[in-house]
Every structure is written in structure tokens, then in C-alpha cells.
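Reading through the C-alpha cells given below for one structure.
Order of listing sets the numbers, starting from 1, for every ligand and every atom in it.
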Amino acid sequence: MALRTQVGIIGAGPAGLLLSHILHLQGIESIVLEKSSRDDVEAIIKAGVLEQGTVDLMIAIGAGERLMKEGMRHEGIILRFSGRDERIDFPALTDGKSVMIYAQHDVIKDLIEARLESGGDIRFEARDVSVYDLDSDAPKIRFRGKEGEVNEISCDFIAGCDGSQGVCRPSIPAGALNVYERLYPFGWFGILCKAPPSSDELIYAMHERGFVLVSTRSPEIQRMYFQCEPTERLDNWSDDRIWAEFRARLQTRDGWAPKEGPIFSKTVIGMRSMVVEPMRYGRLFLAGDSAHVVPPTGAKGLNLAASDAQILARAFAAYYKARRSDLLGQYSATALRRVWKATRFSWWMTSMLHTFPGADVFQRRLQLAELDYVTGSRVACAALAENYVGLPIEQ
Ligand code: FAD
Ligand code: DHB
């Protein structure tokens with residue numbers, strides 16, 4: 001079937017859904033193609049920390065109602081090291097800003113509902129998606145629908161929002177992109193468990209056995225991670241062994257211990273940084289994880305997907321409303337300024353808090369000195385807080 005739209009969007013993750021909905025509110029039409037089923041995209045367990053700007057965006061586009069009811073506003077985090085707890089107070093250090101704990105799959109559910117309620121066109125289970133004629137004025141997307149039929153969409157533009165394993169970035173000719181990458185020599189073992197929260201605020205703990213993050217999802221469900229080998233196998237870790245590891249790494253001087261409960265999800269997450277430049281080829285624009293990946297320590301991935309979508313939507317709006325191409329021309333440079341700052345912050349948090357294989361005592365002392373400095377100096381604390389709650393989008 002021959003289809004036509006203004007912006008063809010590949011991927012119904014945070015980047016693609018936000019872009020589609022902001023465009024709709026500006027009177028610009030799009031079709032979203034997603035390879036997974038609706039049930040599957042609404043079930044994938046990923047991020048949990050929304051920056052203030054991401055929350056403001058969800059509210060501004062009319063998808064923030066449940067988030068405001070069920071999300072948990074967090075006004076600080078705890079850095080735990082050498083058996084000490086040091087709190088970073090976000091509102092005091094950032095003129096009142098904070099973050100919201102709200103699961104990514106709930107963001108996805110809310111955005112899909114908002115899109116479908118307003119007549120949005122999302123094609124789930126789209127197979128064999130491919131993109132063509134990217135450097136022409138009429139780029140095309142081909143895909144197989146649920147019934148196996150082949151469809152072609154003629155677009156003015158294509159937005160590649162298909163994550164780090166998608167088809168858009170590999171469709172750009174070799175040599176047209178620069179890829180900058182860093183692999184970290186560890187991963188995160190993540191669990192979800194049924195238990196009450198162990199702490200009112202997230203705990204980022206540095207320990208010789210490795211980093212731990214104590215996060216939450218709701219008063220009944222907790223999310224926790226510990227640093228592991230990048231190739232760690234899930235079946236090496238019984239529930240008892242997992243809790244023993246958490247207890248060992250989270251010990252404080254006053255004997256604090258996490259609240260334990262049945263574990264119902266276990267995953268191992270790789271840790272890498274990747275940035276591609278530019279985030280555009282012809283009429284294909286990359287947004288979110290298709291253009292950049294950060295290690296999860298700074299909680300930035302979903303939030304970068306949201307800021308890319310905002311910057312790109314603004315550029316499309318200028319094009320369709322005022323026939324201005326300048327913002328589209330600047331999209332990559334504008335987005336990359338924020339991307340590189342978030343990449344730096346994520347790298348810095350990762351480097352400060354993890355145990356590196358083969359690290360000597362000198363390196364460890366430097367990490368502890370850095371934590372002592374960051375938590376003891378008002379300006380250093382403010383720099384951490386400013387980045388954690390989210391930097392502004394440059395104009
Ligand atoms: P994705 O969410 O990957 O969405 C891409 C979509 O495209 C997917 O639905 C995929 O099915 C679809 N797709 C892929 N290929 C194709 C194709 N060929 N055809 C059609 N569709 C396709 N970030 C934060 O900001 N805060 C956090 O606290 C945080 N914690 C995290 C914890 C974990 C455990 C993990 C794994 C990640 C975390 N992140 C966090 C990162 C965040 O989840 C990602 O950065 C975010 O999902 C990126 O959104 P996206 O829309 O760019 O890509
Ligand atoms: C979560 C994930 C992160 O990467 C992070 O830095 C904080 C919280 C989470 O899944 O809750």
C-alpha cells in the first residue's frame with residue numbers, strides 16, 4: 001500500500017512517541033512504525049528518573065496527569081561511601097528544581113494513550129522496516145504490516161527514533177557519520193522486588209566490592225542495581241546471593257540494611273557511551289538512543305531522548321509554519337551540545353562511583369577524595385545537582 005505523511009517516525013520509545021505527539025499539537029502529521037507489539041513496548045523495564053524538564057514537557061503536552069498523581073517527587077539523592085551518607089539537596093542548590101521517579105514503561109503507556117486518543121497513527125508489529133532516498137526531497141520508508149503486506153510511506157522527513165539497535169543509523173552511508181564510543185569494563189545487575197522502600201531517596205553507594213544503586217518504583221516495588229561483570233550470567237545469582245551482595249556493599253556505620261522481598265525480575269545491563277555526529281543525514285534525523293547511548297549512572301538516557309524530541313519538533317514546526325529550514329540545519333549542533341554535557345556527567349558519575357578492575361589504592365583514594373570534595377563543597381554539590389535535575393535546552 002502507498003502511504004504518505006509529513007514526518008515518518010521509526011520507533012515508539014520515548015523519543016518517537018514524544019516527537020509524534022508534539023508534532024500533532026503543532027498540526028504536523030506523522031506515522032510511527034514500531035517493530036514490537038503494544039503489550040511488549042508497554043512492558044519493558046528501563047529507566048525511572050525523569051528530569052524536571054521531562055516532567056514539564058509531559059504536562060505541557062497533556063500526558064502528565066497520571067505522572068503527577070503516581071510519580072514520586074524526589075528532592076535529593078544520597079551518596080554513600082566509606083560508611084557515610086551524604087545528601088545532595090536539589091531544590092536548595094538549583095532554585096527549587098527536583099526529579100520525579102516514574103517508570104519509563106508508564107511514560108510509554110501514557111504517551112501511547114495520548115497519541116491514540118488524539119487519532120495518532122502508530123503501527124505496531126511493523127516488520128522489515130527500511131529507509132530509502134534519504135538525501136532526496138522525498139525519503140521513503142518500506143515495511144511489512146501485521147498481515148505481511150508490503151507498504152511504502154513517502155515522507156517529507158524521517159525521524160530515526162529506533163534506539164541503539166535500530167535500522168536508521170546503519171542506513172547512513174559509511175563515512176557520513178563519526179561515531180565516538182567508550183566501553184566501561186563492568187555492567188549492572190538490576191532487580192525488581194516486592195518490598196517497602198529501603199530509603200526515602202535514591203542511594204548511590206560506592207564500595208570496594210562495587211557500586212550499588214538503591215532506587216524505587218512505588219511504595220510496594222523496589223528497583224536496585226549492583227555493579228557486575230559485563231558478561232555476568234543471571235543464573236549465577238540466587239536471591240540469597242543477591243541479597244548478601246547488597247548487604248555487603250551497602251553497610252553503614254550504624255548497621256543499615258536494605259529491606260528484602262521476593263525478586264521478580266533480574267537483568268544485566270551493559271555500560272557504554274556512544275555519540276554519533278552529526279545526528280542527521282539528508283532528510284533523516286536521529287533522536288534518542290539511535291544517536292547516543294550513556295551509561296545509566298547519571299539517569300540521562302530517557303531525558304536526552306525527550307530533549308532531542310523537543311528540539312527536533314521545534315525545528316519541524318519552524319519549517320512547516322514559517323518555511324524556515326535554519327532550525328533543521330542547526331538541529332544536530334543544538335542537540336549535541338546537551339548530549340555531550342550529559343555524556344560527560346554520566347561518565348563522571350560512573351568513574352567516581354564504580355570499582356575499576358585492576359584499580360590500585362591511589363585510584364581508590366582519588367575517588368574517595370572526589371566524593372569527599374563533591375559532598376563537602378557547596379559549588380561542587382551544586383554542579384552535581386544542576387546536572388542531575390537536567391541542564392536547560394540551549395536555543
Ligand atoms: P528506545 O526506548 O530504545 O525506543 C526505540 C524503539 O524503537 C523501541 O520500541 C524499539 O522496539 C523500536 N525499534 C527498534 N528497531 C526498530 C525497527 N527496525 N523498526 C521499528 N521499530 C524499531 N534513562 C534515564 O533517563 N533515566 C534512567 O533512570 C534510566 N535508567 C535506565 C535503566 C536501565 C536498566 C536501562 C536499560 C536504561 C535506562 N535509561 C535511563 C536509558 C533509557 O531507557 C533510554 O535511553 C531510552 O529508552 C531511550 O529512548 P529512545 O526512544 O531513544 O529509544
Ligand atoms: C534508576 C536508573 C538509573 O540509571 C539511575 O541513575 C537512577 C534510577 C532506576 O531505574 O530507578
Exercise for the section: Please work out which of the three classes, parallel, tilted or perpendicular, describes the rings of Phe285 and Tyr331, given edges at 30° and 60°. Expected result: perpendicular
Practice task
Taking only heavy atoms of Trp188 into account, list the atoms of ligand 2 that are under 4.0 Å away from them.
Solution key: 4 (O)
Between ligand 1 and the protein, tabulate every N or O atom pair separated by less than 3.5 Å, reporting distance only.
{"from": "ligand 1", "atom 1": "3 (O)", "to": "Lys46", "atom 2": "NZ", "distance (Å)": "3.3"}
{"from": "ligand 1", "atom 1": "9 (O)", "to": "Glu34", "atom 2": "OE1", "distance (Å)": "2.7"}
{"from": "ligand 1", "atom 1": "9 (O)", "to": "Glu34", "atom 2": "OE2", "distance (Å)": "3.3"}
{"from": "ligand 1", "atom 1": "11 (O)", "to": "Glu34", "atom 2": "OE2", "distance (Å)": "2.6"}
{"from": "ligand 1", "atom 1": "21 (N)", "to": "Lys35", "atom 2": "N", "distance (Å)": "3.1"}
{"from": "ligand 1", "atom 1": "23 (N)", "to": "Gly301", "atom 2": "N", "distance (Å)": "3.2"}
{"from": "ligand 1", "atom 1": "23 (N)", "to": "Leu302", "atom 2": "N", "distance (Å)": "2.9"}
{"from": "ligand 1", "atom 1": "25 (O)", "to": "Ala299", "atom 2": "O", "distance (Å)": "3.1"}
{"from": "ligand 1", "atom 1": "25 (O)", "to": "Gly301", "atom 2": "N", "distance (Å)": "3.1"}
{"from": "ligand 1", "atom 1": "25 (O)", "to": "Leu302", "atom 2": "N", "distance (Å)": "2.7"}
{"from": "ligand 1", "atom 1": "25 (O)", "to": "Asn303", "atom 2": "N", "distance (Å)": "3.2"}
{"from": "ligand 1", "atom 1": "25 (O)", "to": "Asn303", "atom 2": "ND2", "distance (Å)": "3.1"}
{"from": "ligand 1", "atom 1": "26 (N)", "to": "Ala299", "atom 2": "O", "distance (Å)": "3.2"}
{"from": "ligand 1", "atom 1": "28 (O)", "to": "Gly48", "atom 2": "N", "distance (Å)": "3.2"}
{"from": "ligand 1", "atom 1": "28 (O)", "to": "Val49", "atom 2": "N", "distance (Å)": "3.3"}
{"from": "ligand 1", "atom 1": "43 (O)", "to": "Gln104", "atom 2": "OE1", "distance (Å)": "2.6"}
{"from": "ligand 1", "atom 1": "45 (O)", "to": "Asp289", "atom 2": "OD1", "distance (Å)": "2.8"}
{"from": "ligand 1", "atom 1": "45 (O)", "to": "Asp289", "atom 2": "OD2", "distance (Å)": "3.3"}
{"from": "ligand 1", "atom 1": "45 (O)", "to": "Gly301", "atom 2": "O", "distance (Å)": "3.4"}
{"from": "ligand 1", "atom 1": "45 (O)", "to": "Leu302", "atom 2": "N", "distance (Å)": "3.4"}
{"from": "ligand 1", "atom 1": "47 (O)", "to": "Gln104", "atom 2": "NE2", "distance (Å)": "2.7"}
{"from": "ligand 1", "atom 1": "51 (O)", "to": "Pro14", "atom 2": "N", "distance (Å)": "3.1"}
{"from": "ligand 1", "atom 1": "51 (O)", "to": "Ala15", "atom 2": "N", "distance (Å)": "2.9"}
{"from": "ligand 1", "atom 1": "52 (O)", "to": "Asp289", "atom 2": "N", "distance (Å)": "2.8"}

Exercise for the section: Heavy-atom contacts with Ala299 under 4.0 Å: which atoms of ligand 2 show up? List them by number with element. Expected result: 5 (C), 6 (O)
Practice task
Using a strict cut-off of 4.0 Å, indicate which atoms of ligand 2 neighbour a heavy atom of Tyr204.
Solution key: 5 (C), 6 (O), 7 (C)
Problem - Polar side chain donor-acceptor pair, Thr334 to Arg337, under 3.5 angstrom - result: no
Practice task
Taking only heavy atoms of Leu202 into account, list the atoms of ligand 2 that are under 4.0 Å away from them.
Solution key: 7 (C), 8 (C)
Handout entry: Location of contacts on Ile101 toward ligand 2, heavy atoms closer than 4.0 Å
Key = neither
Exercise for the section: With Arg249 as the cation and Phe246 as the aromatic partner, state whether NZ or CZ is under 6.0 Å from the six-membered ring centre and within 45° of the axis. Expected result: no
Problem - Pro296, any N or O under 3.5 Å of ligand 2 N or O - result: yes
Exercise for the section: Verify the distance criterion only: is there a donor paired with an acceptor across the side chains of Trp340 and Glu277 at less than 3.5 Å? Expected result: yes
Completion exercise
protein heavy-atom neighbour closest to atom 8 (C) of ligand 2 works out as Val49 CG2, 3.4 Å
Problem - Thr216 N/O to ligand 2 N/O under 3.5 Å - result: no
Practice task
Find all atoms of ligand 2 within a distance of less than 4.0 Å from any non-hydrogen atom belonging to Arg217, and give their numbers and elements.
Solution key: 9 (C), 10 (O), 11 (O)
Problem - Any donor-acceptor N or O pair under 3.5 Å, side chains Tyr225, Arg223 - result: yes
Exercise for the section: Indicate whether any N or O donor in one side chain lies under 3.5 Å from an N or O acceptor in the other, for Ser164 and Asp289. Expected result: no
Practice task
Examine Trp237 together with Phe189 and report whether their ring centres are nearer than 6.0 Å.
Solution key: yes
Practice task
Mind listing the closest non-hydrogen atom pair of Ala287 and Ala15 along with its distance?
Solution key: O-CB, 4.0 Å
Exercise for the section: For atom 10 (O) of ligand 2, find the nearest protein heavy atom and state the residue, atom name and distance (0.1 Å precision). Expected result: Tyr225 OH, 2.5 Å
Completion exercise
Correct closest heavy-atom pair for Met271 and Pro296 would be SD-CD, 3.3 Å
Practice task
For the pair His24 and His21, name the ring-plane relationship: parallel under 30°, tilted 30 to 60°, perpendicular over 60°.
Solution key: parallel
Handout entry: Under 4.0 Å to a heavy atom of Thr297 - the qualifying atoms of ligand 2, by number
Key = 6 (O)
Completion exercise
Only one of Asp156, Leu134, Leu328, Ile158 passes side chain to side chain contact (heavy atoms under 4.5 Å, CB included) with Arg283, and that residue is Asp156
